[in-house]
Amino acid sequence: MFPAVDKSESFPQRELAIGEFWKSQNIYEKTLVARAEAPSFVFYEGPPTANGMPHPGHCLTRAIKDVFPRYRTMRGFRCERKAGWDTHGLPVEVEVCKELGIHSKEEIEAYGIEPFIQKCQKSVWRYMQEWERLTERLGFWVNLEEAYVTYHQSYVESVWWSLKTLFDRDLLYQGHKIVWWWAQGGTALSAGEVGQGYREVADPSVFVKFPIVMDDKAKKLGFDEKTSFLVWTTTPWTLPSNQFVAVHPEIEYATVTDSETGEKLILAKDLVETIAGKMKRELKIENENGNTGIDLLELRYMPPFDCFYKKHDTTITKLQRFSFGDDDVEDLTAMRIYAGLSQSGLKPESVEKVFQLYGKLSNSSLAWRVVPAGFVTTESGSGIVHQAPAFGEVDYDVLRDQKARFEGEGPELINCVAPNGNFTDEAPEFVRGRKYEDCNKDINRDLKQRGLLYHQEQYRHDVSFCWRAEEDRLIPYPRESWFIRTTNYKDQMLANNSKIHWLPEHIKDGRFGKFLGSNVDWALSRERYWGTPLPIWVCQETGKKQAIGSYQELLDKPGCTGTEVWDEAKAANPDLPDDLQVHKPYIDAVTYDSPFAKGATMQRVTEVIDCWYDSGAMPFAQWGYRGQESGPERERFESQFPADFISEALDQTRGWFYSQLAISTLLWGNDEARMSNDEQKKSTFDIRHSSFPYPHPFRNCIVLGLMLGEDGQKMSKSKRNYRDPSEIFDHYGADALRWYLFANQAPWTSIRYSEQSIKDSIPEFLLRLWNVYSFFTIYANIDGFDPGKEVGSQGTEDRGWDAAKSYRPMAERSELDRWIISELHTTTAKVVERMDAYDNYAACQAITEFVDALSNWYVRRSRDRFWANDKQSPEKLDAYWTLYECLITTSKLIAPFVPFLAESLWQKLVISVFGDQVEESVHLCDYPTSEVAAIDEVLSARMNLVRHISSLGRKARSNAELKVRQPLASVQVILADTTHKDWLVEHAAVIAEELNVKKVEYSDQPDQYVEHEVLPNFKLLGPKLGKLMPKLKPALNQENGTELLANLRDNGKINITIEDKKLELLPEEIEVRIKAREGWAAANAKGVVVVLATELTDDLVAEGLARDLVRVIQDQRKEIGCDFTDRIEIGIVTESDKVKQAIEMFGDYLADETLANSITQKSIDKIAGNSVKIGEHEATLHLRVAP
RNA sequence: GGGCGCGUAGCUCAGUUGGUUAGAGCGCAGCCCUGAUAAGGCUGAGGUCCCAAGUUCGAAUCUUGGCGCGCCCA
C-alpha cells in the first residue's frame, strides 16, 4: 500500500520534514560518498558576506548554484561544494563603527585598533545563522561545516604567498591613487560615503592666461610672444600644482586678438562669443580656418606659478619617448593606449592622428604641455582645461597615460598641498602653511597683479562635503598606494576570457571583455584596519622591501621579534581566535633584522589589501595552498582547478569574476616576462589543459540578472520593497520559489520579484504533478496495486520490475501507454541536453510540458482503465505500471530543480513499497537517460493531432453553444495533410469520446464544408522569384483554391501568370490551408477543420439528460460524503416525461456510473429529497448509501 | 559623458539561422467537467513587436540614428 495522501499537509510542511530527513540521514554526504571515484565536476562558491541579512536576490544566486551541482551529481560526477564567507573589508568596519557610534579613523584609533579588530571579527558572523537557515531551507546543498573563511590564518597565508609571488616578479609597485580626502579629518572616504554629502555651492570660475613657449612648433603655427592659452579652472588653489593643459582633439580652436589689450588668446572657437560677452569687448578671430585640438598638441607654455617649473627645468629634457614604429601597432586599442587616450571616447580617426603625431616626435617634456583629453567640452569654460593630476582622478589618468609614453626622470606628480590641507614649502611663498581653501582669493589677486588673470566669475556646482563634518569639503587627493601590474597581462586575460563559456554570451565580448580591454593596474592597498595585511616589510634604513609568504617564514627571519604582543593578548583573553595573530595590530608589531643594512629593522607597511583580492584568491586559498610541490593542499587544489561552473549576479563582473581571472592569469600565465624569471620557473605550478591553454579559473559562468523589488526598483532595506525570504518559504515553500526562479525566465533576465508569480507557479506545475501522484495513489490503493510485492528484491533500477508478473513489455501495451512513455523519453533527452548546456529554463519548460501531457491527456484518457471493475485485467495493470514509471522518472527528472517535492514523491511512491532495496533518497539516484528505442515520433505527432482535433471540436461546440454533455450524432474532420489519416480513422473512438459524438468521419468530399487556400512557401520561392514574390500571394488568392488543387493533382504543378510571367509551382513550393465555409458549426486551425452535426434526435436528447442526471447524482454523493467505492440507492421523482424516459432508457448506464444498486422513480423513505435541475427540467433526487 | 543590456498582450516573460495567422503563464470574460473535487479543463478577447530610416523579394529578428528604462563606470 502507498501511504494515503494527506490533504491537510501543506508543501512547506512537507519540505520541513524532508529537510530533517536529509539532515538526519546525511543524504548530502552520501551523494558524495556514492561518487567518490567518479570524475569531478568542480563548483566554486563565490563567498557572500554574512554581515547583512540575506534577501530574495540571494535566493536566486543560491538556487542556481544548487541546481547544476545537484544535476551533475545525479549524472555521475563528484561535485564537492565547499561553502565560503567573505569577511574582510570596509562594510564590516562601517558596521562596527555604527555600533560604536564613531566615524573617523582617528576615532577608531582612539578606541583602539585591537578591540576594533576583535569586534570586526565577531561582527562578520552577525547574520551567520540567518544565512545558514536560508541556505538549508532553500535546499542549497553546500558544505557549511568546512567553509573557507577569508580571515582564517591559512587563507590569509595563501593570499600572502600569492602576493609574495607577484612581488618577487616585480608585479607589485607603489604609486598614487586619487581618493576622496577629508583633509581636516585626515582620512579617505568611500564612494558610498561621498555620495551622501553633495551640496551646491558657488565657487570662483577663473580664466587664466598661460603664455605660450615659442619653440619651432609654435612658430610654425604662427603664434608669437604675445600669445597665451586661455585656461579655465574652478579651483584656483590647484594652479600651483598645474601639470598640463588639456584640449579636445576634435574641437576647433581660434586665436583671437583682444581689442583692448592687443594680446592674443587661444580658446575654443565656439566659446569666443561667450567670453567676449563676459568681457564686454571684441575678440577678433585671427585665423579663420582655425586649428583643431590635434594641431595644438605638444605645444608648451609657462605655468602660472614657477615653483616647480624652475626646479625641473633641467630635467624635463632628459625624458625619452618610447619608440615605436608603425608596424608595431596595428589595432586601434593599442593606438589608444600609446596615444594616452585609453579612457577617452574619441573617434577612431582622431586616435589615429594623435598616435601618428606622437610617433613622429622624438623628444618632448613631460610637464607643461598641451595634451589630448576626451572629457573637454565647449559647454563651459574656454575649451582648454587646467590639469592638476594630484587633485582629480581624470587629471591623474591623463598623467598616467602621458607617463606611459616616456622613460627617465621627470616630475612624477606635482603637489604642493599636504594631507592636512595646508600648502607645503614647495608652494608659492604667499600661501605656504595656509589652508588650501583660504587661498583662492589671494591666488587670484596674485594672478591679477601679474596680469595673468583674464576673467573671473562665480560658478554654482555640486560639491561633496564630509557627511560627518558638514562644513568640511572633500577634495580629490593623491595617496600612496600599492598596485598590481595587471596591465602587463591584459592580453593574456583577454585570451583567457575568450575560453570561458559565458551565459549570456554577450558578457564575454561585452561587459566583461570591454572591462578587460580598458584594464588599469589594480589598486591593491587600503589604508584601513580589518583586512588581509599587505605582507610587505620595509627596511627602516634603506627603504628596501621584502614580501613574506607565510607566518612561519616571518618567524624564521633572523632577529624576529614582536610576537609577544599577540601572546600577551591571547593570555589576557584566551577566547581570541588564533587567526587574529596574522591581522592588525598584532602582525604590525612583528619585525626582523634587515638584510639590507646592518642594525636596521624590517617593519611591515601599514596597509591592508582590497578584499576583492581575497575572494579572487579562493581557488587556491580555500585549500590553504601556498605553492607546495606536494601534499594535501596541492592535491586538493590541483583536483579542484579550474571550476567547471560558477554563477553570480551581474555586479560581480568587476568583482569576483575579474579578481579570479586576474589573479589566476598573473600567477599562472605563461608569458615571456614570467618565464624569464628563473627562480620562479623552478617553483612554477604548471597548469595546462590541452583544450584550455590558458589558466582561466572557471569554464562556465552564468551571470545572473539583478533581482528588482516589487516596485521595479533595486531592492533596498530602507524601502522595504521585498519580503523576507523566510516568509516565502513559510507560505509557499522553497520548491515554489525555486521553480519560479528556474522555470519562468532565463537566469540572466533581471527579474522583478513578484510574490504573486511565485504563488502562481504552484498550481501551474507543483500542484498539477502532485494531483497526478494523488490520483495514482488513490486508485492504486483501491485496486491493491503493489509493485513492491511483485518486484521483490529487484528494486526499481534497471527495470528490475521486468521480472514482475503483471509488468508487460511496452510493445504489448496500448498505444496511449507507449505514447506517454515515448513522451517521457523525449522529455528526458531534452532535459539532459539543455541542462548539459546550462539552460535550466528550457529544461523546465520541457518538464512542464510533460507533466501537462501526463495530467491532461494520459490520466484523462486512462480513467476508464483505472475505474474498471476487473482489478487484474492486463489493461488496468498496464495503466498502473505506466503511470508509476512516469511518476518515478519524473521525480528523478525534477530532483535537481525541486528537491523537496522530488524527495516526497520518491519516499511515498518508492521507499514505501521497496524499503531499503532502493536508494534511500531520490538524490542518490542516477539521472534518467532516454532510450532512443522508446521514442516514437510518429506516434507523438499523431497524438498531438488527436489532441488538436479534440480541441477544435470543443471550440466548435463552444461556438455553437452545444455543451459537451449533450451527445451529438457526428463530426466531420477534414485534413489538409492526409499523412496520418488512416491512423486517425482507427482512433476515431478517442475523438468520439472526447467530443461526446457517436461518429467521427474523415470526409472524402470536403468541398461542401471547406474552402482551400493556396499559399506560397516563402522560404523556397523567395530567393527564386525575387521581386515578384510579394505579388504571388494575392495572385494565388484570387484564383479558386479548389481549382488550383485540381490543377496540382492532374499536372503535378500549378501554373500561374504574374505580370506576363508564367510560373510553375511545384508541390513543395506551396502550402495548402483549409478553412471552414460559413454556415457550419466548425472550427479550423493548422490544417484541420472540424465540423459538427448539430441536429438533435430524441435519443440524443435523452442521453444528454442521462448524463446530466449522472452529474447531479455524483454531486449528491459527494455531498453526503460517500467513499469512492460506496454503493448507493437512488430515487428520482419528476413530472417531466423526457426525464422519465431518459431514466428508463439509460437506467443501467446511470447505475453503472454512480455505483447505484437501484434506481426507482419514487421517493425513498426518511431521505429528504433534493430539488435538482436536469437540463430544462425539474426533479427531486433521493439518495442514500445502500444498507 | 562612456560601456553594456533591455524595450513584444493589462502583468511577468518566451520567440532558434530573417519566411507572411508573433507565443506561454497569470489576470480578465464566457463556458465545460465532476470517481484527482476547497481540484481540473476548454474557448475567447487582448499586440503599431518603443519610434524612424536603411538593407532585403521579405524584418519582432540584421544595420544606423533617436526615445525610454536598468546596470556598471566616469
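In what follows, chains carry the letters A, B, and so on, assigned in the order in which the sequence lines appear, proteins first and then strands, with residues in each chain numbered from 1.
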(request) Please state how far atom CD1 in A:Ile507 lies from atom C1' in B:C72, giving the value in whole angstrom units. (result) 11 Å
What pairs of nitrogen or oxygen atoms, one from the protein and one from nucleotides 9-11 of chain B, lie under 3.5 Å apart?
none

(message) If I pick the P atom on B:U16 and the same atom on B:G35, what distance separates them, to the nearest angstrom?
(response) 44 Å
(message) With the stacking rule set at 5.5 Å and 30°, tell me whether A:Phe1018 counts as stacking on B:U20.
(response) yes
(request) Tell me whether the OP1 or OP2 atom of B:A14 has a side-chain N or O from A:Tyr841 closer than 4.0 Å. (result) no
(message) Checking base pairs now: Watson-Crick or wobble, both atom distances under 3.5 Å. What partners B:G1?
(response) B:C73
(message) Just the rounded figure in Å: distance from C1' of B:G5 to CG of A:Leu704.
(response) 15 Å
(request) Hey, can you tell me if A:Tyr884 and A:Phe2 have their rings parallel, tilted or perpendicular (30° and 60° cut-offs)? (result) tilted
(request) Nearest whole angstrom, please: distance from the P of B:C4 to the CZ of A:Phe512. (result) 16 Å
(message) Could you tell me how far B:C49 sits from B:G10 if I compare only their P atoms? Round to whole Å.
(response) 12 Å
(request) Can you tell me, in whole Å, how much space there is between the P of B:C69 and that of B:A53? (result) 24 Å
(request) Using the P atoms only, state how far B:C33 lies from B:A24, rounded to an integer number of Å. (result) 24 Å
(request) State whether the side chain of A:Ser951 and the backbone N or O of A:Arg947 hold a donor-acceptor pair below 3.5 Å, judged by distance alone. (result) no
(message) Work out how far the P atom of B:C50 is from that of B:G68, and round it to whole angstrom.
(response) 16 Å
(message) Counting only side-chain heavy atoms from C-beta out, which of B:C72, B:A36, B:C13 sits nearest to A:Arg654?
(response) B:C72
(request) Hunt down the Watson-Crick or G-U wobble partner of B:U20, both distances under 3.5 Å, from any strand shown, or write none. (result) none
(message) What's the separation between atom CZ in A:Arg738 and atom CG in A:Asn840, rounded to the nearest 0.5 Å?
(response) 11.0 Å
(request) Could you check how far CG of A:Leu706 sits from P of B:U12, rounded to whole Å? (result) 17 Å
(message) Do A:Phe391 and A:Ile178 have side chains that approach each other closer than 4.5 Å (heavy atoms only, starting at C-beta)?
(response) no
(request) Assign A:Val859 to base, sugar-phosphate, or nothing according to its heavy-atom contacts below 4.0 angstrom with the strands shown. (result) base
(request) Test A:Glu994 against every option in A:Arg863, A:Arg860, A:Arg957 by the salt bridge (Lys or Arg N to Asp or Glu O under 4.0 Å) rule and name the one that passes. (result) A:Arg860
(request) State, with a plain yes or no, whether a side-chain heavy atom of A:Phe515 is found less than 4.5 Å away from one of A:Thr653. (result) no
(message) Using atom C1' in both nucleotides, what's the gap between B:U21 and B:A38 to the nearest angstrom?
(response) 40 Å
(message) Here's a test of your reading of the structure: between A:Ser774 and A:Asp509, which maps to the more 5' nucleotide of RNA chain B?
(response) A:Asp509
(request) Report the distance from atom NZ of A:Lys508 to atom CG of A:Leu503, rounding to the nearest 0.5 Å. (result) 10.0 Å
(message) Taking only the C1' atom of each, what is the distance from B:A22 to B:A59 in whole angstrom?
(response) 13 Å
(message) Taking the minimum atom-to-atom distance to the side chain of A:Ile778, which one of B:U37, B:C71, B:G3 wins?
(response) B:U37
(request) Can you tell me the pairing partner of B:G25 across any strand shown, Watson-Crick or G-U wobble, with both distances under 3.5 angstrom? (result) B:C11
(message) Is the distance between the ring centroids of A:Trp522 and A:Tyr658 under 6.0 Å?
(response) yes
(request) Mind checking A:Val772 for me? I need base, sugar-phosphate or nothing, with any heavy atom below 4.0 Å counting as a touch. (result) base
(message) Whether the A:Asn996 and A:Arg1107 side chains hold a donor-acceptor pair (N or O, under 3.5 Å, no angle test) is what I'd like checked.
(response) yes
(request) Look at all strands and tell whether A:Arg957 reaches a base, only sugar-phosphate, or nothing, counting heavy atoms closer than 4.0 Å. (result) nothing
(message) Roughly how many Å apart are B:G25 and B:C42, using the C1' atom of each and rounding to a whole number?
(response) 16 Å
(request) Using a 4.5 Å cut-off on heavy atoms from C-beta on, say whether the side chain of A:Asn771 contacts that of A:Val859. (result) no
(request) Look at the side chain of A:Arg511 and decide which nucleotide, out of B:G5, B:A39, B:G70, has an atom nearest to it. (result) B:G70
(request) Go ahead and name the base partner of B:C49; Watson-Crick or wobble counts if both distances stay under 3.5 Å, otherwise write none. (result) none
(request) Determine which nucleotide pairs with B:G30, using a 3.5 Å limit on both distances of a Watson-Crick or G-U wobble pair. (result) B:C42
(request) For B:G54, give its Watson-Crick or G-U wobble partner with both distances under 3.5 Å, or none. (result) B:C62
(request) Find which nucleotide of RNA chain B each of A:Thr653 and A:Arg1111 is nearest to by heavy atoms, and output the residue with the more 5' nucleotide. (result) A:Arg1111
Using the 3.5 Å cut-off, write out each protein N or O paired with an N or O of nucleotides 41-47 of chain B and the distance between them.
residue: B:G41; atom: OP1; partner: A:Arg768; partner atom: NE; Å: 3.3
residue: B:G41; atom: OP1; partner: A:Arg768; partner atom: NH2; Å: 3.0
residue: B:G41; atom: OP1; partner: A:Asn856; partner atom: ND2; Å: 3.3
residue: B:U43; atom: OP1; partner: A:Ser951; partner atom: OG; Å: 2.3
residue: B:G44; atom: OP1; partner: A:Lys955; partner atom: NZ; Å: 2.8

(request) Mind running ring-ring contact (aromatic ring centres under 6.0 Å, His included) on A:Tyr740 and A:Tyr732 for me, showing each step along the way? (result) CA-CA 11 Å; A:Tyr740 159 70; A:Tyr732 314 112; over 10 Å; no
